[in-house]
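Let me begin by presenting the structure, written as structure tokens, before commenting on it.
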Amino acid sequence: MSASEEENGPGDDVKDPVLDDQAPRAASCAGGACGCGGAGAREDAAPALWRNLDELQQSAAFQQAVENEFPRQAVPLGLGVDRRRFMQLMGASLALGGAAACTKQPPEEIVPYVKQPEEIVPGNPLFFATAAPMGGGYALGVLATSHMGRPTKIEGNPEHPASLGSTDVFAQASVLGLYDPDRSKTIVNAGRIRTWEAFVDALTMELATQEGSGGAGLRILSGAVTSPSLAAQMTAILARFPLARWYQWESASDRSAVLGSRAAFGRDVSVRYDLAKAQVVVALDCDLLGKGPGAVRYSRDFARGRRVWESAPEGTAPGTMNRLYAVECTPSPTSTLADHRLALKPAEVGAFAAALAAALGVPGAAAPAGWNHPEAARLLPVLAKDLLAHRGSSVVAAGDESAPELHVLAHAINAHLGNHGTTVLLGEPIAARPTDPLADLEALVAELQAGKVEALLMLDVNPVYDAPPELKVADALLSPAARLRVHWGLYDDETARYCHWHVNAAHYLETWGDARAYDGTVTLQQPLIDPLYGGRSAHEVLAVLENRPGTGAREVVQGLWQPRLGGEPQWRKAVHDGFVGGSAAPAAGAGVNGGAVAAAARTITEALAQQQGYTLAFRPDPSAWDGRYANNAWLQELPRPFSKVVWDNPVLVSPRTARELKIDDGTSDGLQGRRAAVLRIEVDGASIEAPAWVLPAQADGVLTLTLGYGRTRTGKVGKGVGVDVNKLRTRAGFWSRAGAAARATGDRYELASTQGHFLVTDPAGVERPMVRRATLAEYQRQPELMHEAVEAPAHDMTLYPDWPYEGHKWGMAINLSACTGCNACVVACVAENNISVVGKDQVFRGREMHWLRIDQYYAGDYDAPSAVLNQPVPCMHCENAPCEVVCPVEATTHSFEGLNEMTYNRCVGTRYCGNNCPYKVRRFNFYKFADWTTESLKLQRNPNVSVRFRGVMEKCSYCVQRINAARINSEREDRKITDGEVRPACAQACPTEAIVFGDINDAEARVTAWKKQPLSYGMLEDLNTRPRTTYMGRLANPHPELEEKA
Amino acid sequence: MAQIFHPSTNTISRVSIFGLIFFIAFAGWVAMAIDRSPAVTRERQVIEQPVPFSHDHHVGEEGFDCRYCHTSVEKSAFAGIPPTATCMGCHSVLFADSPILEPVRASFRDGTPLHWRRVYDLPDFVYFNHSIHVAKGIGCTTCHGDIGRMPLTWKASSLKMEWCVGCHRDPAKYVRPREEVFNPNWDPALISAARRAELMKEYKIVSRTSCSVCHR
Amino acid sequence: MAGRDLEAQTAVAEPEVHQESLLEKGGYHRPGIIERAPVLAPGHTAGSVTDKISSVVLSGTPRWFYPAFGLAFTLTMVLFASLAKLFWEGTGIWGVNQPIGWGFAIINFVWWIGIGHAGTLISAILLLLRQEWRTSINRFAEAMTIFAVACAGIYPLIHTGRPWLAYWLMPYPNTMGLWPQFRSPLIWDVFAVSTYATVSLLFWFVGMIPDLATLRDRATKRVAKVLYGMAAMGWRNSAKHWHEHEVASLLLAGLATPLVLSVHSVVSFDFAVGIVPGWHATIFPPYFVAGAIYAGFAMVLTCTIPLRRAFGLYDFITERHLDNMGKVMLATGLIVAYGYGIEAFTAWYSANHYETFMMWNRFFGPYRFHYYALLLCNIVAPQALWWKSVRVSPVKLWIVCMFINFGMWLERFVIVVVSLSRDFVPSSWGTYHGTIWDWATFLGTIGLFLSLLFLFVRFMPMISIFEMRTLATEAQLKELPEDDGA
Amino acid sequence: MSSQDSGGRLYGLMAEFETPGALIAATEQARKAGYRKMDAYAPYPIEEVVHALGHHHSKLPLMVLGGGVAGCLAGLGLQVYVNAIAYPLNIGGKPPLSWPAFVPVTFEMTILFASLTAVLGMLALNGLPTPYHPVFNLPRFSAASRDRYFLCIEAVDARFHADGTRQFLESQAPTEVSEVEY
């Protein structure tokens, strides 16, 4: 049957009067086919939700692929999958799994302390406040869990302003970085292992000669620095070597922001937002909630404005809801919550900003001539009106990856709207020395080539890999004059290869330090464990340059802060709290100069002029960032937002662009397996080849490339994964570059993606109400509409009596209006529950092990979806669990508190439960996925969760180990468990508080209050599974004048 | 046609056919008996230790409280094995030069911990918590047997699941007043069933047989 | 008197019977005049049938046997190889995944179990219905049943993630204090299949005792005498023996009849009890049972037709048998067709859009060609059986049977895989492809099946001798060779 | 030689017939003549002979019924014990005694027990296995499993008399009458 017939198929073949009139529409707009059908079939029905491109269009290729019953055989196993690396990841999977189930136990030993430390109670975990470093040198305040001296888990620090108890993916995954077996373990000099002393001698000798010349030949290249201690050391060093220079380089830097504020205010100013107060938020190419040092806090604040049923943030009446406009070239977690979303090319985003500024009457602003975009034209006036109506309670934010001009305009608009001081807070710079990293690196390269550099110290930077090729860093490093090149870092990476010395760095959990948070709050970092491989901290290295070798990191940090804080006790308190109270950056008054605005507008108009060809948009990768996390298996296996691809960084292209390029989305056999078309992207001679991922909501003509892949020198996890896109970056085209050419090479590349790509609307035109949604207006008009979507069977419609649950009755509620799909919950779950990494090959076969997945659906038109919906799906802990009834060995049962439990050691692995789970949340150990061999990884494991063996089923347990711990503590203290005392890893990590957990029998519990809301519904309620996990229907708040199903 | 079989085969064949059933039953019974026997459970078997520590002496004769060494038994899942320092607390003076205690002194001297061998070794997928059992009035001797009279330590119970569940199903049989938990000479007969029922209420003890109580 | 004449007649008849079939010589084969072929070619006496059938076993091994058995045995080794690989590496070597947790293992299990239904049905139900024509095929069919069940029995064990713990499905007082979960259809399977295997085995053996005695008495080699003698348990054809034996057979038949119906019903519960669209259907038990008989008869014929030729058993397995079995397949085939129809109807009539989609997905989804092939094999092809010419032609009939064998496998594929591949949450839909190891295991069990079958026909009476003796004598006494008195 | 093994004691007299009819007639005559301890041998079941030998209905059906009932109780009992007494668990929110789920196993157990009883019962009633039996001493006896019919009057019969009985059997037109020894 041909594809075209296929399109009409639904209408024609399912003989259904309602449908036959839908059929032609199905034929006409393949994209909306079933969606329109759905809308037609049920008046109140929302537009179709769908997840696929080819499936949606029933393209011939797709059908072809699926019909072939053995594409695996047709195409060699795992084409494009490095089978070998997979095996490495699998560890000793080939060893007979039986061993794990062997009944005879090997004799075990107990090794007590010789002298037991005071604070340790054997078997009980300890928590330490510390600082997790983030991109740009910022810090996130975290609490690290330590089990008998082993850091096992990172949680947010509830006291810390940037965290408030939540975390992002990188903080969660950082604990694996500590135990990464591929970390650089030794000091290396010209390929030979050397001692620290040898290094110190070598360095001191060189410094002695430098001292003579006042350090004229000494250069230091570090990442962006906010750490006061580090800055102090630098100052000291520069005092000792007046002619020395300190440069900073960040591949994924806030360069545009720096340049922007310099242009706008004529000085360096730090900007942060108070989204709790903001009623209208405009994100211009800005991933406000997903990226950057403030993202976690911003998410928290913003989400409060979305929970209409809870007491709204101060200054707003209950029941009101903030509104988010997102104008961007590539979708971001932020824009999944947008009430209005506009996909434009980067230059057009600028134009939009300029036009907006003009519409708002910002002095000096002018709408770019000759730019007219229908959708923009429709949105602009409304947006302008909305902003003017919310003077002082709105935010216009420009992203780090946008042009400096955009920042200038944003500043101007905020100033004009009087947002400065209320929702937009200007402060003194947070970076120790704000710079344009490109200029810095360029200067360094120039000096290297000029032979001015004799000694170069590089602190955890990797310019050889991540600098734009035109800078020719590698060649420059080889300049004969530079006789001592030192690299200090966690990995022996590409840059280390060009250095005489490589010093292995200590992980942040291994040493002392400090850094500042998004608001400037000084966050202190304390070690939980001695350096596993004798790594050194940057402070120790710099101490040598300060000419006080042997000084430890603690002396440096404490030495700086104890006096400043006024004594030992204050210092202790600060360390205990994890941060220095009241150390946020002081406010800075600054006025925007109109000239800058006009200039910005001009630049934008020029940029707009040269938009021929495709525009490349570079973005830090949601998993690998700029490459520093490339070797983190948890992050690599994390389904990237939108594409849900793992272990790769495909080029994101919009459907229209895909059609232009004559490529399909490579849905080879309908699901995980994707045989993506390979694109050859060329610009000014430079070129790369990368698989394409067709992504709705992507701006037409824009190819999004993410950094951090194609590493040639890192651990075995990250080596050779994905494509290195830095090759296409230039000074001018640092974040976005126009004038690129792209064509399909005809090759195919297998991408592993964890989520199905299918219509939620079945051919009969009925939408499956996985995500129930409404606009605020609709909801206020008709609060019950979420329930009316599907009728759940009445409780008395059964022969059997309800099972009573006295005592606790655990339940979870997930707020779909707040979930940005940032994945923090997923990594948190992986870390807490010892979930195995299975590798690309197995994910490709549909065997990923994540207990918690985030389903993503698109709403509305295929080429320009009106909304992207995130739905976290853990186990539903159904009271009538279908999985339990079919288990032949009582391996999955219900607890007295109503948890659906999986008892691994009883499981024989029939997989019947997995088949019978309508939510498909059960995961099976097809091989021996858990790594039983790598010692360092064993240290990371949570001792309270069994490591699963081959051949058993596993699934979300609501973090039962935490529940049990809480119950035991409470019963020991003879009290009730308080609300919020038990929080599963996902709920604890979630930056938007989208996941709430608690005792449904407790009338006061937050979860109970949520579940009472009319918005609350259960997924697939109609199956009478009675899920304990319920969802808060998704609300959108479009502007009344643009009212539509968002 | 000549006879193929000897007359005796009649009896043999009949016995073998009808005896088969009983044989299978017997074999099953034997298998189960073995599985429950000390040969498998390692019950009541003294395990060689680096130092022949005698609970009989320390608890029975000297009357040490369990918590003197097992410090975390009320606070943690793990009862705690004393650091060498605890031993040396007394043995730097008492038996200071006894050759038996040399390993202890050595450990203290050069800071190398003692390597005790586990007597009560649960499988890795079983999570037992001392503190809650103690808090609910389940005494040491209930599981550790007559520890106070063991010159060398052995396992006093099978640690088979049926054994655990036995108590979890009906804790009333074993509960005792909290103040008696660490009494090595406690005898359940000391209090009446009625008293135990009261304790059950007082300590809010309920039978817990859900899987996740022990398996996670 | 009468006896003497008979003796004389046999004397003449015997040599002929030994080499060539009377039927094939066309002597009695006059289509159009004989409406129904006899269940036993005329001219046979108790003596002749006894000699003929026991000679198949007692006279030396035919030449074709070695290559045939060799091939089957090789395939069996393939089975062991793939099992070794499976136990060493894990279920991952198969194509199963999330959401499709069941693949070839369960498909083949159901397929084999289905095949294993004909034997007991023929010997039990047809015995109760006093269908004489069953006598020459029941023994063979029962043997086939047992071997098919043996093959089927392998799969539930090996498909588990930890096969070495499969004994946990058995109820016994263990040290964990745990028991099987009796609400699970898999436990029902354990009881149903093991009971079925046991009862079939007993039924088969009991029926064989007198024939073993016959072989014991005919055997010339000492070893054969002893082995058959032990197996015959000293059966002496005493009237008492015959009496109790008949009663026991009838009782077993009476018990086996509901059993055979229950077994495939229980197997169908594996799916019907599930929540998955395409599984959760009340029609399953009846239409699984019908399907089983359908598949069973197809397999019986698939094996009988070649063997009939190989051993020249035309006198015992006559056109009449082919004809009747063809009719049974036609009937059950129509029931199966009805089952498919009802599935589609219910999907539409229920107005449950998960069900509706399930049906749509079968017709237009990625696996639609599997479904089309299934319809072709199981519904279209068997319609040929309306024509007697097809039913009585060994070759044509055999071809139809192959269609059905394949079709019934596809049916299980569609039920297991296609239903699981797209159930409720579209984000978690998937696809499934058997890997090389899936296929190796499948072929392996086919090899095992054939090996056992070859050994059986070589060393056991594949046709019930004493029942044929009864037939032959009755026939003579009635002096009406054509009429089988059914 | 078999007779030597078994010391040449007489087991009975065996008459061989060519037709079932002859056997039936002979057996009836023998019964009339008051012989009780006798047995007939034929290549296939012949109802008349059984009647002639004077045992009519078998005890087997009752035994099988018993077996069935036992199986039924065992099956149901097991499941009730396991779910309600041994280890009650909340399975998918169903009550411990969700009896509809217990039907299949109960049924299968019933059939299993009944069938085993049927087979073992049959063997027991036939006194099988009996690999050794005097009648096998008779060389011609193998014809009993082909197309010959035998009647054996045993020496233990009250009315047995070496000559008298032989004469009686001769009078039944057998092809041959021979002595069967232990």
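Each chain gets a letter, A, B and so on, in the order the sequences are listed, and its residues count up from 1.
Only the side chain of A:Asp1022 has a heavy atom closer than 4.5 Å to any heavy atom of chain C. Neither the backbone nor the side chain of C:Val190 comes within less than 4.5 Å of any heavy atom in chain A. Neither the backbone nor the side chain of C:Asn361 has a heavy atom closer than 4.5 Å to any heavy atom of chain A. Heavy atoms closer than 4.5 Å to chain C are found nowhere in A:Asn1024, neither backbone nor side chain. For C:Trp188, no part sits under 4.5 Å from any heavy atom of chain A, backbone or side chain. For chain A, no part of C:Ile106 is nearby; none of its heavy atoms comes within less than 4.5 Å. For chain C, no part of A:Cys913 is nearby; none of its heavy atoms comes within less than 4.5 Å. Only the side chain of C:Met176 comes within less than 4.5 Å of a heavy atom of chain A; its backbone N, CA, C and O stay farther away. Heavy-atom distances place both the backbone and the side chain of A:Pro918 under 4.5 Å from chain C. Of the atoms belonging to A:Glu884, it is backbone heavy atoms, and not side-chain ones, that fall under 4.5 Å from chain C.
Atom CZ of A:Arg906 sits about 10.0 Å away from atom CZ of C:Arg162, to the nearest 0.5 Å. Interatomic distance, A:Glu848 CD to C:Asn97 CG, rounded to the nearest 0.5 Å: 9.0 Å. Here CZ of A:Arg950 is found 6.5 Å from OG1 of C:Thr91. Values are rounded to the nearest 0.5 Å. Atom CG of A:Leu1023 is separated from atom CZ of C:Phe424 by 4.5 Å, given to the nearest 0.5 angstrom. Annotation: the span from A:Asn915 atom CG to C:Leu420 atom CG amounts to 4.5 Å, rounded to 0.5 Å. Atom-to-atom distance recorded for C:Phe182:CZ and A:Glu890:CD is 9.0 Å, nearest 0.5 angstrom.
With a 4.5 Å cut-off on side-chain heavy atoms, C:Val273 and A:Asn916 do not count as touching. Here the side chains of A:Arg911 and C:His159 are in contact, with some heavy-atom distance below 4.5 Å.
Proximity of a side-chain donor or acceptor of A:Tyr927 to a complementary backbone N or O of C:Gly90 within less than 3.5 Å is not detected. Panel note: side chain A:Asp855, backbone C:Ser427; no donor-acceptor pair is recorded below 3.5 Å. Between the side chain of C:Gln181 and the backbone N or O of A:Thr892, no donor-acceptor pair lies under 3.5 Å. Proximity of a side-chain donor or acceptor of A:Arg847 to a complementary backbone N or O of C:Gly92 within less than 3.5 Å is detected.
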For the pair C:Trp102 and A:Tyr912, evaluate ring-ring contact (aromatic ring centres under 6.0 Å, His included) and give the outcome as yes or no after the intermediate values. CA-CA 8 Å; C:Trp102 285 354; A:Tyr912 200 171; 4.6 Å; yes
Check the pair A:Met1019 / C:Val425 against side-chain contact (heavy atoms from CB on, under 4.5 Å), numbers first and verdict last. CA-CA 10 Å; A:Met1019 192 176 177; C:Val425 185; 3.8 Å; yes
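Of the listed residues (C:Asn352, C:Val276, C:Ile100, C:Leu178), the one with the most heavy-atom contacts under 4.5 Å to chain A is C:Leu178. Counting heavy-atom pairs under 4.5 Å between each of C:Ala166, C:Pro163, C:Gly161 and chain A puts C:Gly161 at the top. In terms of heavy-atom pairs under 4.5 angstrom with chain A, the leader among C:Val96, C:Leu169, C:Asp189 is C:Val96. Residue with the most contacts toward chain A among C:Pro180, C:Ser419, C:Ala105: C:Pro180 (heavy-atom pairs, distance under 4.5 Å).
Side chains of C:Ser428 and A:Arg853: a donor on one and an acceptor on the other come within 3.5 Å.
Between C:Thr160 and A:Val908, the closest heavy-atom pair is CB-O, 3.3 Å. Taking every heavy atom of both residues into account, A:Cys917 and C:Asp423 meet most closely at O-OD2, 4.1 Å. Of all non-hydrogen atoms in A:Cys887 and C:Ser184, the two that sit nearest each other are O-CB, 3.5 Å.
Around atom OH of A:Tyr800, more than 12 heavy atoms belonging to other residues, nucleotides or ligands sit under 6.0 Å away.
By the 6.0 Å and 45° rule, A:Arg768 stacks over the aromatic ring of C:Phe357.
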